[in-house]
Engineer: 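One structure, as C-alpha cells, below. Some questions next.
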Amino acid sequence: MLNRRFITFEGGEGSGKSTQIKILKNKLSKRHKVIITREPGGTKEAELIRNLLVKGRSNKWSGTTEALLNLTARKDHVDKVILPNLKDGKWVLCDRFSDSTIAYQVYGRNVDKEIIKNLNKSLINNLKPKITFLFDLDPKIGLGRSRKRSNNELRYENMSLSYHKKIRNAYLDIARKNKKRIKIIDASLNKDSISEIIWSFIQKELT
Ligand code: TMP
C-alpha cells in the first residue's frame with residue numbers, strides 16, 4: 001500500500017502541529033527515512049500559490065477559487081514530492097492535506113463537496129493519508145498564538161472567530177466520519193504529553 005507511510009497533521013491555526021511534526025520526524029529518523037512537507041506549498045511552484053492564499057485581504061478569493069488554488073498547489077506537490085518519496089520508501093509527514101480543503105472550503109465556505117471529491121479523484125487518484133492527527137483546540141487560544149507569529153501570513157487569522165469555530169466543528173465532524181484514519185489529539189495538553197500520545201499511537205499502528 002503506497003500510502004502506508006503517509007501521515008498528515010490537521011487542525012486550526014496555532015494548534016501546535018508544526019512542533020509535533022518536527023518531534024515525530026526526529027523520533028522516526030532514528031530508524032527510517034523521513035521527510036516533512038506542508039500544504040499549501042511543499043514545492044517551489046506550490047509555495048508561490050501559497051503566498052497568494054495566506055497573504056492579503058481575507059475576502060480576496062471566493063470559496064471556490066480558494067479551493068481550486070489549493071488543489072492546484074496540491075497536484076504539483078503530490079506529483080513532485082509526496083508520491084516520489086512514498087515510492088522511494090520514505091515516510092512523508094505533511095502539515096495539512098485534503099482534510100483542510102474539506103474543513104476550510106467545503107464546510108467553512110460552502111463549496112460544493114462533489115466538485116472537490118471529483119477533482120480529488122481525477123487529479124490525485126484519491127490519495128489519502130494512512131493516519132491523520134487532528135489537533136483540536138479552542139480557536140480563541142489558537143488564534144492568539146498564531147497572530148503573535150512574526151510573519152505576514154495572516155490572511156486566515158484575520159477571518160472571524162465564528163469562521164474558525166466553524167472550522168473546529170467541521171474537523172470534528174470529518175473525524176467522526178473517518179474514525180479509522182483520524183486520531184483526535186487534545187491540543188491543549190502540553191508538548192511532551194502530545195508527543196508521547198502520537199509516538200505510542202504510531203508504534204502501535206504502524207511498526
Ligand atoms: P498554515 O499552513 O500556516 O497552517 O496555514 C495555511 C492556511 O491555509 C490555513 O489557515 C488553512 C488554509 N488552507 C485551506 O484553507 N485549504 C486547504 O486546502 C489548505 C491545505 C489550507
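What you see is a predicted model, and the numbers here were worked out from it, not measured in a lab. Values below: every heavy atom of this structure, side chains too, minus hydrogens, waters and symmetry copies.
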Engineer: Does Val92 reach the side chain of Val81, with side-chain heavy atoms less than 4.5 Å apart?
Structural biologist: no

Engineer: Taking side chain to side chain contact (heavy atoms under 4.5 Å, CB included) as the definition, give me every residue that meets it alongside Leu48, ordered by chain and number, with sequence neighbours left out.
Structural biologist: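 Testing Leu48 for side chain to side chain contact (heavy atoms under 4.5 Å, CB included), a comparison that skips the adjacent residues, returns none.
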
Engineer: Quick one: NZ on Lys55 to CG on Asn158, what's the gap to the nearest 0.5 Å?
Structural biologist: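 Answer rounded to 0.5 Å: 14.0 Å.
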
Engineer: Checking Lys183 against Glu205 for the salt bridge (Lys or Arg N to Asp or Glu O under 4.0 Å) test, could you report, in this order, the C-alpha distance in whole Å, the side-chain angles of both residues, the deciding distance, and whether it holds?
Structural biologist: CA-CA 11 Å; Lys183 163 98 180 140; Glu205 290 290 307; over 6 Å; no

Engineer: State, to 0.1 Å, how close Ala103 and Ile167 come at their nearest heavy-atom pair, and which atoms those are.
Structural biologist: O-CD1, 3.4 Å

Engineer: Is there side-chain contact between Asp99 and Ile182, with heavy atoms separated by less than 4.5 Å?
Structural biologist: yes

Engineer: Please check this pair: side chain of Lys60 against backbone of Leu52, looking for a donor-acceptor N/O pair closer than 3.5 Å.
Structural biologist: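 Answer holds: yes.
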
Engineer: Are Ser98 and Lys128 close enough, and set up right, to give a side-chain contact (heavy atoms from CB on, under 4.5 Å), and what steps lead you there?
Structural biologist: CA-CA 8 Å; Ser98 300; Lys128 291 214 170 78; over 6 Å; no

Engineer: With rounding to the nearest 0.5 Å, note down the distance linking OG1 in Thr72 to CG in Leu53.
Structural biologist: 9.0 Å

Engineer: If hydrophobic clusters are built by linking Ile, Leu, Val, Met, Phe, Trp and Tyr wherever their side-chain heavy atoms come under 4.5 Å apart, do Tyr107 and Trp61 end up in the same one?
Structural biologist: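 The answer is yes; both residues are in one hydrophobic cluster.
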
Engineer: For Thr64 and Ser62, test the side chains for any donor-to-acceptor distance below 3.5 angstrom and give the result as yes or no.
Structural biologist: no

Engineer: Where is the tightest heavy-atom contact between Gly63 and Gln105, given as atom of each residue plus distance?
Structural biologist: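 That would be O-CG, 3.6 Å.
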
Engineer: Parallel, tilted or perpendicular for Tyr104 and Tyr171, by the 30°/60° rule?
Structural biologist: perpendicular

Engineer: Minimum heavy-atom separation for Phe6 to Cys94, with atom names?
Structural biologist: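 Heavy-atom minimum between the residues: CE1-CB, 3.9 Å.
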
Engineer: Examine Phe9 and Ile35 and state if one hydrophobic cluster contains both, with Ile, Leu, Val, Met, Phe, Trp and Tyr joined whenever side-chain heavy atoms are less than 4.5 Å apart.
Structural biologist: no

Engineer: Work out which heavy atom in Ser195 is nearest to a heavy atom in Ile23; give both atom names and the distance.
Structural biologist: CB-CG2, 3.7 Å

Engineer: Do the non-hydrogen side-chain atoms of His77 and Glu45 ever get within less than 4.5 Å of each other?
Structural biologist: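 A side-chain contact is absent here, since even the closest heavy-atom pair is not under 4.5 Å.
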
Engineer: Salt bridge or not between Asp88 and Lys90? Use side-chain N to carboxylate O under 4.0 Å.
Structural biologist: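 Salt bridge flag = yes for Lys90 with Asp88.
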
Engineer: To the nearest 0.5 Å, what is the distance between CG (Leu172) and CD1 (Ile184)?
Structural biologist: 5.5 Å

Engineer: Start with the C-alpha gap between Asp136 and Arg168, add the side-chain angles, then the distance that decides, and say whether side-chain contact (heavy atoms from CB on, under 4.5 Å) holds.
Structural biologist: CA-CA 7 Å; Asp136 179 53; Arg168 182 187 196 185; 2.9 Å; yes

Engineer: With clusters defined by side-chain heavy atoms of hydrophobic residues (ILVMFWY) lying less than 4.5 Å apart, directly or transitively, does Ile174 cluster with Tyr163?
Structural biologist: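 Yes; Ile174 is reachable from Tyr163 via cluster members.
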
Engineer: Nearest 0.5 angstrom please: Ile7 CD1 to Leu24 CG, how far?
Structural biologist: 5.5 Å

Engineer: Compare every heavy atom of Met159 with every heavy atom of Arg147, then report the nearest pair and how far apart it is.
Structural biologist: NH2-O, 4.0 Å

Engineer: Between Phe135 and Leu143, is there a shared hydrophobic cluster once you connect ILVMFWY residues whose side-chain heavy atoms come closer than 4.5 Å?
Structural biologist: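 Phe135 and Leu143: separate clusters.
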
Engineer: Could you report the tightest heavy-atom contact between Pro129 and Phe97, atom names first, then the distance?
Structural biologist: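 Taking every non-hydrogen atom into account, CD-CD2, 4.2 Å.
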
Engineer: Supply the members, apart from Leu137, of the Ile/Leu/Val/Met/Phe/Trp/Tyr cluster built from side-chain contacts under 4.5 Å; use none for a lone residue.
Structural biologist: Ile141

Engineer: Report yes if the side chains of Ile49 and Asp76 come closer than 4.5 Å at any heavy-atom pair, otherwise no.
Structural biologist: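 Of all side-chain heavy-atom pairs linking Asp76 with Ile49, none is under 4.5 Å.
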
Engineer: Starting from the C-alpha separation in whole Å, work towards a yes-or-no answer on side-chain contact (heavy atoms from CB on, under 4.5 Å) for Ile102 and Glu10.
Structural biologist: CA-CA 11 Å; Ile102 303 293; Glu10 295 279 355; over 6 Å; no

Engineer: Counting neighbours of NZ on Lys27 that are heavy atoms of other residues, nucleotides or ligands and sit closer than 6.0 Å, is the number greater than 12?
Structural biologist: yes

Engineer: Hey, what's the ring geometry for Phe201 with Phe133, parallel, tilted or perpendicular (30° and 60° as the breaks)?
Structural biologist: perpendicular

Engineer: So do the side chains of Glu66 and Arg155 get within less than 4.5 Å of each other, counting heavy atoms only?
Structural biologist: yes

Engineer: As an exercise, state the distance from CG of Leu71 to CD1 of Ile116, rounded to the nearest 0.5 Å.
Structural biologist: 5.0 Å

Engineer: Checking side-chain polar atoms at under 3.5 Å, does Ser146 have a donor or acceptor matched by the opposite partner on Glu157?
Structural biologist: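 Present: a donor and an acceptor within the cut-off.
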
Engineer: Is the shortest side-chain N to carboxylate O distance from Glu47 to Arg38 below 4.0 Å?
Structural biologist: yes

Engineer: Ignoring hydrogens and angles, tell me if any N or O in the side chain of Arg96 forms a donor-acceptor pair with the backbone of Gly11 under 3.5 Å.
Structural biologist: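 Flag set: sc Arg96 to bb Gly11 pair under 3.5 Å.
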
Engineer: Could you tell me the separation between the CG atom of Asp79 and the OG1 atom of Thr43, rounded to the nearest 0.5 Å?
Structural biologist: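 These two atoms lie 10.0 Å from each other.
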
Engineer: If only atom types and distance count, is the side chain of Arg50 paired as donor or acceptor with the main-chain N or O of Gly41 below 3.5 Å?
Structural biologist: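 Side chain of Arg50 to backbone of Gly41, a donor-acceptor pair under 3.5 Å: no, none is there.
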
Engineer: Mind running side-chain contact (heavy atoms from CB on, under 4.5 Å) on Asp173 and Arg176 for me, showing each step along the way?
Structural biologist: CA-CA 5 Å; Asp173 198 45; Arg176 269 193 292 277; 3.4 Å; yes

Engineer: Is there a donor-acceptor contact under 3.5 Å from the side chain of Asp186 to the main chain of Ser188?
Structural biologist: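 Yes; at least one donor-acceptor contact below 3.5 Å.
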
Engineer: Following the transitive rule for hydrophobic clusters with a side-chain heavy-atom cut-off under 4.5 Å over Ile, Leu, Val, Met, Phe, Trp and Tyr, establish whether Ile202 and Leu86 coincide in one cluster.
Structural biologist: no

Engineer: Under the side chain to side chain contact (heavy atoms under 4.5 Å, CB included) test against Glu39, which residue among Asn70, Thr101, Ile82, Thr8 passes?
Structural biologist: Ile82

Engineer: Can any side-chain N or O of His164 pair as donor or acceptor with the backbone N or O of Tyr156 at less than 3.5 Å?
Structural biologist: yes

